[in-house]
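See below for the structure under consideration.
Letters A, B, ... mirror the listed sequences (proteins, then strands); counts begin at 1.
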Amino acid sequence: MTPDDLLNAIAIFVLAILVGFEVISKVPATLHTPLMSGTNSIHGIVMVGAMLIAAAADNPFSYGLAFIAMVFGAANVVGGYVVTDRMLQMFRKREPKP
Amino acid sequence: MSQDMIDALVFLAWLVGAAAFVLGLHQMNSPATARRGNQLSAAGMTLAVIATFLWLLSRPGGLSVTAIAIIVGGFVIGGGVGLWMARRVAMTAMPQLVSLFNAVGGGAAALVAIDDYVHIVGTPELVVATAIFVVLGAVIGSVTFSGSLIASGKLQGLVPGQPITFPGSRLVTALTALAAAAGLVVLVLAAGGLLALTPEFQLAVLGLIVVAALIFGITLVLPIGGADMPVVISLLNSFTGTAAAMAGFVVGNPVLIIAGALVGASGAILTKLMADAMNRSILNIMVGGFGTGDSGGAAGPGGTGGEVRAIGMDDAAIQLAYAQKVIIVPGYGLAVAQAQHACRELADLLEARGVEVSYAIHPVAGRMPGHMNVLLAEANVPYPQLKEMDEVNPEFARTDVALVVGANDVTNPAARSNPQSPIYGMPILDVDHARSIIVIKRSMRPGYAGIDNELYTDSKTGMLFADAREGLQQLVAAVKQV
């Protein structure tokens, strides 16, 4: 990591935090559970990190760590999005009349 | 296509993914668009993951068969388990599932940081900044992993909900934090070349840091009572986001940094909102030891100072049926009794008679932020009827009957009027402003804060002593007779 890379990364980090505050504070309390579950699935993006370390792995220990990270990340992503979708589809203006 | 071009395209795909996360979250600002927002976010995730996989394949040397097996196998297994759990979970059990997903997310972030360190330790690639991010990622990820598992266990009832402390537990927490901090200093000095340590020794130090962080996570959450869980879950969610961002710094990936920062910010906001709604500082909650863990269980009626007026089913039914405006105030007791459907049935009946019905929902009703709204949505309550505290409070004065089911402390006027009360200053629902009040409650047993509720002795209040579900079902039957 060069100093330039580091500064760029920190700039991205800080700006993304500010965007996060801005976007999240507009979410109504009614949707806080799906919001939390939805953001929960977003941090499943660490699965991309798991893929990168899986690609770089060259010994059994690293293989093991990468595999567990992959399983964890995938459970986080897939489960998170599916359960959020399940919750959000229940929020209706009016129940459909039978 | 040249490798540079592929690299640039992959970078753009990551950027589009990150933008989809932001836009998806933006669409969560209304229930009407929220589902599309989540789907957009999921599409962004899919794009980022596929782009990464193709990029890894396209690079000189490509992916080894083992690496492909790890990625595909890990995805199928982890994704399959996640899908299965997400499909079968009951809405009441949502907080523990979110906690569990949070735990594995934190664990994955920690593993990514650790594994990267294993690769670069002893090489010139290890610079001070990397060492800091590795340790932060490993520590925050590990704390979230063990802490969220304990939180999930508490919510599931596998770990007792009440605050658990043992002699010296605070000392253990402090010592593990100290050990992790000392480890960070050692590894940073080593990375800076100020301390000559073998790679093996540095790995051992990182191992110790991780163990300390795992213990810290456990002793952090154990002393926190079950009803404080909305705050804990939000905080741990924020931690995982931060850990993912740290992992992003370590592997040098912008989409991890952006996504992690978004989640970190979101968790921080929710944590603050929840703590404010309980009128307690985040620190006070994390220190723990407050309350008994959970409401529930029964004691005989009696015990308060003032006069309590009990009313019968028929009286209550007549009041409700001839009202113009009714506000239902549901608390977690309603969900525990699985009374959401009976509640909705009553509301439907009243609406059919021309009564205006809405629901007043306190921010901490339930076991995670906004939990009660999900439970009512599941019972097909239309979301325009779900009113937030600030929105609904001015309406109580124009309300004929406020029907309180399973809520207690959040309706106690002492929070406004009695500076001596432990809940003084806590934002509450102004139920006492309604023209009349009906409280469905099994007994006069106090709520989580362990104090009497003045609302119950108010001359406008009629107490309907019954279990939430049976009481509502009997009310439904009684309203049909009116």
Side-chain angles (χ1 to χ4, degrees), chain A residues 1 6 9 12-13 16-17 19-21 23-27 29-33 35-40 42-46 48-56 62 65-85 87-91 93-95, chain B residues 21 25-26 28-29 31 34-35 38 42 52 56 63 67 70-71 74-75 77-79 81-83 85-86 98 101-102 104-105 107-109 111-112 115 129-130 240-241 244 247 249 251 254 256-259 261-263 265-266 269 363 368-371 373-374 377-378 380 382-383 386 388:
Chain A
M1 192 184 277
L6 178 63
I12 291 174
F13 181 63
I17 287 181
V19 170
F21 278 132
V23 175
I24 307 289
S25 27
K26 295 195 173 64
V27 177
T30 312
L31 290 177
H32 277 170
T33 289
L35 168 71
M36 181 168 287
S37 168
T39 54
N40 199 13
I42 290 179
H43 66 54
I45 190 75
V46 294
V48 166
M51 292 165 79
L52 298 181
I53 62 168
S62 284
L65 289 187
F67 180 70
I68 300 172
M70 226 14 243
V71 172
F72 278 4
N76 188 177
V77 168
V78 177
Y81 278 117
V82 170
V83 86
T84 310
D85 191 64
M87 272 190 271
L88 288 172
Q89 68 168 4
M90 300 185 317
F91 282 86
K93 262 209 163 79
R94 265 290 145 195
E95 62 179 295
Chain B
F21 297 155
L25 284 176
H26 176 73
M28 284 245 186
N29 64 12
R35 191 176 181 199
N38 186 57
T52 308
L56 290 172
L63 276 174
I70 286 174
I71 291 173
F75 182 81
I77 294 173
V81 172
L83 185 65
M85 293 173 94
V98 170
F101 287 153
N102 199 39
V104 292
L111 290 171
V112 169
D115 192 56
T130 314
T240 315
F249 278 109
V251 295
L256 255 73
I257 297 177
I258 296 173
L262 287 175
V263 182
S266 142
I269 290 180
M368 68 184 288
H371 192 192
N373 299 285
V374 173
E378 190 194 15
N380 285 327
Y383 66 78
L386 305 171
E388 293 179 28

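Chain A forms the most heavy-atom pairs under 4.5 Å with one residue out of B/Thr130, B/Asn29, B/Ile258, B/Val263, and that residue is B/Val263. Most heavy-atom pairs under 4.5 Å with chain A, from the set B/Val251, B/Val104, B/Val81, B/Leu256: that is B/Val104. Among A/Thr39, A/Val82, A/Leu52, the residue making the largest number of heavy-atom pairs under 4.5 Å with chain B is A/Thr39. Considering only heavy-atom pairs separated by less than 4.5 Å from chain A, the leading option among B/Ala108, B/Ala129, B/Ala67 is B/Ala108. Counting heavy-atom pairs under 4.5 Å between each of A/Ser62, A/Ala55, A/Gly20 and chain B puts A/Ser62 at the top. Listed options A/Ile68, A/Val78, A/Ile12, A/Leu6 were ranked by heavy-atom pairs under 4.5 angstrom with chain B; first place goes to A/Val78. When the candidates A/Val77, A/Val27, A/Ile42, A/Thr84 are compared by the number of heavy-atom contacts under 4.5 Å with chain B, A/Ile42 comes out ahead. Ranked by non-hydrogen atom pairs under 4.5 Å with chain A, the options B/Leu56, B/Asp115, B/Ile269, B/Leu83 are led by B/Asp115. Of all the listed residues (A/Asn40, A/Val48, A/Leu65), the one sharing the greatest number of non-hydrogen pairs under 4.5 Å with chain B is A/Asn40. When B/Gly107, B/Gly241, B/Pro31 are compared by the number of non-hydrogen pairs under 4.5 Å with chain A, B/Pro31 comes out ahead.
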Check against side chain to side chain contact (heavy atoms under 4.5 Å, CB included), A/Phe67 and B/Ile77
CA-CA 10 Å; A/Phe67 180 70; B/Ile77 294 173; 3.8 Å; yes
Let me see the working for B/Leu25 and A/Leu35 under side chain to side chain contact (heavy atoms under 4.5 Å, CB included), right down to the final yes or no.
CA-CA 8 Å; B/Leu25 284 176; A/Leu35 168 71; 3.8 Å; yes
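Rounded to the nearest 0.5 angstrom, A/Met51 CE and B/Thr52 OG1 are separated by 5.0 Å. Atom CD1 of residue A/Ile24 and atom CG of residue B/Leu262 lie 7.0 Å apart, to the nearest 0.5 angstrom. Rounded to the nearest 0.5 angstrom, A/Met36 CE and B/His371 NE2 are separated by 12.0 Å. To the nearest 0.5 angstrom, A/Met87 atom CE is 12.5 Å from B/Arg35 atom CZ. Expressed to the nearest 0.5 Å, how far CZ of B/Phe101 lies from NE2 of A/His43 amounts to 10.5 Å.
B/Phe75 CZ: 12 or fewer foreign heavy atoms inside a 6.0 Å radius.
Both the backbone and the side chain of B/Ile257 come within less than 4.5 Å of a heavy atom of chain A. Contacts of B/Leu63 with chain A are made by side-chain atoms alone, with heavy-atom separations under 4.5 Å and no backbone atom involved. In this structure, chain A has heavy atoms under 4.5 Å from both the backbone and the side chain of B/Val374. Contacts of B/Pro363 with chain A are absent, with no heavy-atom separation under 4.5 Å from either backbone or side chain. Contact annotation for B/Glu378: both backbone and side-chain heavy atoms come within less than 4.5 Å of a heavy atom of chain A. Contacts between B/Met368 and chain A at a heavy-atom distance below 4.5 Å involve backbone atoms as well as side-chain atoms.
Across B/Val98 and A/Ser37, no two heavy atoms sit closer than the pair CG2-CB, 4.0 Å. Of all the heavy atoms in B/Ala34 and A/Leu31, the pair that sits closest is CB-CD1, 3.9 Å. When all heavy atoms are compared, the tightest approach of A/Val23 to B/His26 is CG1-N, 3.4 Å. The two residues A/Ala54 and B/Ile71 come nearest to each other via the heavy atoms CB-CG1, 3.8 Å. Looking at every heavy atom in both residues, A/Ala69 comes nearest to B/Leu111 through N-CD1, 3.6 Å. For the residue pair B/Gly74 and A/Ala74, the shortest heavy atom distance occurs at O-CB, 4.0 Å.
In this structure, B/Asn373 has no side-chain hydrogen bond (donor to acceptor under 3.5 Å, both in side chains) partners at least two apart in sequence or on a different chain. Qualifying ring-ring contact (aromatic ring centres under 6.0 Å, His included) partners for A/Phe91, counting only residues two or more places apart in sequence or in other chains: none.
Taking 4.5 Å as the limit, some side-chain heavy atom of B/Met28 sits within range of a side-chain heavy atom of A/Leu88.
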